[in-house]
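Lettering follows sequence order; numbering is per chain, from 1. Excluded from the calculations below are hydrogen atoms, water molecules and symmetry mates; all remaining heavy atoms, backbone and side chain alike, are included.
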Amino acid sequence: MDVVKVFLLNSPYLKLDYLPPLEVQVSDLKIGSRVVVPLGKKRICVGIVQSICFLDSDCEFNLKRIVLPLENPLISETYFKLIEDMSKRYAGNFAQILSNVLPSIFKKIPRKIWIGSKVYSVDKILSSDVDYTRYITYWREKKVYFFKDSDNFLVKLKNKSVKKIRGKIKQAIIDLLKENNVLSISEIKSFLAKKNIYSSLDKLEREGLIVIFKEKTLQNRLSSVEYKLNNSQYNIAKEMEQVLTTHKFETHLLHGITGSGKTFVYLHLLKKCLEQGKSAILLLPEVALAWGMFQRLKKLLSYKHIYFYTGNLPDLEKQRIFYISSHTPTLIIGTRSSIFLPFYKLGLIIVDEEHVESYKQEQGIYYQTKEIVYFLAKQNNALLLLGSATPDIKTFYSANQGNIFKHTLDKRFGLSLPPKIIVIDLKNKQNKDIFSQKIFDKLSDVITKGEQVIILHNRRGYCPILYCSSCGNTIKCPSCDISLTYHKKNNSLMCHYCGFKIKFPPICSVCESSNFSFYGEGTEKIEEFLKKKFPNITILRLDKDIVQSRHKFKEILQSFERGEGQVLIGTQMLSKGHDFANVTLGIVLDGDLGLNFPDYRARERLFQLLVQLCGRVGRRDKRGEVYIQTRNKALDFWNFVENGDYIGFCKQELKKRKLFDYPPFVNLGLIRVSFARDWEEKDVFLDELTKQCLIFAKNFEGKVLGPVPAPIYYLHSKYRYHILLKSLQWSNIRTFFLNLKTNLLDKRVLSKKRQVQLILDLDPVSIL
DNA sequence: AGCACGCCGACT
DNA sequence: GTCGGCGTGCTC
Ligand SMILES: [Zn+2]
Ligand SMILES: [Zn+2]
């Protein structure tokens, strides 16, 4: 008897045994196939075939049968290995991880399938024997499609010059095509975030403005515009090209300062990789950056299968790219979720801005993109290239140890010197003023000259802290241990962690008074202050409150780039801008940003942010200046900043980390414990947790710190506790976690109500 | 996660 | 007797 083992892609994420589908030879069913299976009395859900085995005897269990086979297979064996590795590494459930990393459309039972150009309803196939038999016949011959093929059709403009046309959607399509030359129907749907564009496309085609064609007519050949690498770019690119041609697994670090032309090294390698018929990924830390890179590279490189990919794409577009990338050499430009596409012959992975912390996923499942990408590159004998102007200290250390090949690009392309950095000490100054006198004078001076200024301040809203004037109580969010921020524009108080919002003024929860004093300032207040001081100039602001959409973000940046504002004030998102041609002054109002958090990464993070900001300051013909205010100038950190000496800083930071046992000298694991505020047995639980930790700590090779209340011990109506583990081996940390968890389950303190959450976070990024 | 099953108190 | 509330445990 043949038995098929299936991982469920839905809760309860179990591995269950089934009989093969009716009328299907097990030899036709592949490992990694997606199948529809019955579950319990009345549910049906989707799963992935893990293995097929033959049992001599009949099973004592009454097995149910797979009701429908779908993609055969959906994922390959190497993909399985990747998920297996993740489930071991992060001590998680295989099915749950798989379900998290696959495009969510695969977790649902499809409603329609296509055979030839005909649509069939899956419900009907499931309920009628005749339809089922016909389906299986086509399925066996691989003639069933799970995607509407005509959405792969390509669209281009008939004439380059199109005048204004009527119809909002039609105009949007035309604009998009002007930017992108050729796009598939699916891409147009995705980029416009509209589902129903068929009638508009139809009209445009009949008006003779666009052409819709099957992809065969588009050149499959790869070509690129002429580009010339300078000497150092050329040498670096050639060395890595050699690795590509010999299909060797190697990790390289490209340490290139802002404006040194890292992108052209990327371009060269991507092109070579595709020429060799292999797939490539170019990762960027954020959607906006990925989109910018995609637009830029499409102009430099022409190839049929270049796709923009992020987790936010519409389901159908993600599904389409998933299918294409599984059987075609593809270039994906996208954010971290791109790494879970089923790449065909992966040859090159580039991680740009590799130091950025958003490569760590900390929602749903926890993983570090760089770790997974390392596994992928090794598995596929691919080249892994990490690029940054300010490499992660861990990467820097690996390079010094000789585990990573390091290359440096230190010449700015056609730009002046990097800006001069001046750190201003606020120690002897009363708290009242936002700007120190020196900086304010400088600011006025630059404004009078007609040059541009960017001001970084990492706190949005008007005022971050409110005190009750009569009793001194600070106003906090009812669901979090976080001060509410006053927003003047909508006269309300907001929690920046959970989104809670109330009208101003609130009533003090202690004394019921309604008089408050304000402390500190956010971007909104600084904008107001500057508008009063300089009423005749335009001041722009860039933060999450202003930027409600990706579109708005671009709009403000572009307007500043065109010189339509003289001052741009914003949170760290302003360091993401590119072509500020006339900025000669940068100001950082709160240089101590995060330095007093209990986070060993704080200094590294701040340095990286400052370097990023410096990259935005300076003109072709004039060296810029960046002023930073701090209350703690005595720190030697500021010496390195003033000298722009990132490498020196890294070396010194490494010494500190070695001394205090921090990465890269130990591995860090954080067990995050959280439970509802009103849980009655929490004291019993915490006692037991502390006891168990002490017991396991005895045999633990490393240090166990905690459980202690988290720095933000109350968030989203939940209490939070941390257990920090330090060890030389990841496996020790995993074992500790698994033992702790099973022991608590055995003692019945965990499972009673599923009120407690226990999460293992390896190499935590956010430790609040 | 859902859903059935079973045990107990309140109500016809 | 039986209806419905919730706590417990299983899903091939
Ligand atoms: Zn809150
Ligand atoms: Zn009060």
Item to complete: Under the salt bridge (charged side-chain N to carboxylate O under 4.0 Å, His left out) rule, collect the residues that match up with A/K394, sequence neighbours excluded.
Response: A/D763
Worksheet, complete the sentence: Sequence neighbours excluded, the answer for salt bridge (charged side-chain N to carboxylate O under 4.0 Å, His left out) partners of A/R320 is A/E317
Would you tabulate the side-chain donor-acceptor contacts of residues 693-708 of chain A under 3.5 Å, counting partners in other chains and residues two or more places apart, or write 'none'?
residue : atom : partner : partner atom : Å
A/K703  : NZ   : A/D661  : OD2          : 3.4

Round to a whole Å and report the spacing from [atom1] of [X] to [atom2] of [N].
X: A/N93; N: B/dA1; atom1: CG; atom2: P; answer: 12 Å
X: A/L9; N: C/dT11; atom1: CG; atom2: C1'; answer: 16 Å
X: A/L8; N: B/dA1; atom1: CG; atom2: C1'; answer: 11 Å
X: A/Q96; N: B/dA1; atom1: CD; atom2: P; answer: 8 Å
X: A/N10; N: C/dT11; atom1: CG; atom2: C1'; answer: 13 Å
X: A/Y13; N: B/dG2; atom1: OH; atom2: C1'; answer: 13 Å

Worksheet item: Under 4.0 angstrom, heavy atoms only, what part of the nucleic acid is A/L63 near: base, sugar-phosphate, or nothing?
Response: sugar-phosphate
Discussion item. Please list, in numerical order, the residues of residues 33-44 of chain A that have a heavy atom closer than 4.0 Å to any atom of DNA chain C.
Written reply: A/P38, A/L39, A/G40, A/R43
Item to complete: Output every pair passing ring pair (Phe, Tyr, Trp, His ring centres under 6.0 Å) with a member in residues 62-90 of chain A, not counting sequence neighbours, ordered by first then second residue.
Response: A/F80-A/F94
Worksheet entry | Residues that A/S128 engages under side chain to side chain contact (heavy atoms under 4.5 Å, CB included), provided they are two or more places apart | A/V130, A/D131
Worksheet item: Side chains of A/K189 and A/Y198: is there a donor and an acceptor less than 3.5 Å apart?
Response: yes
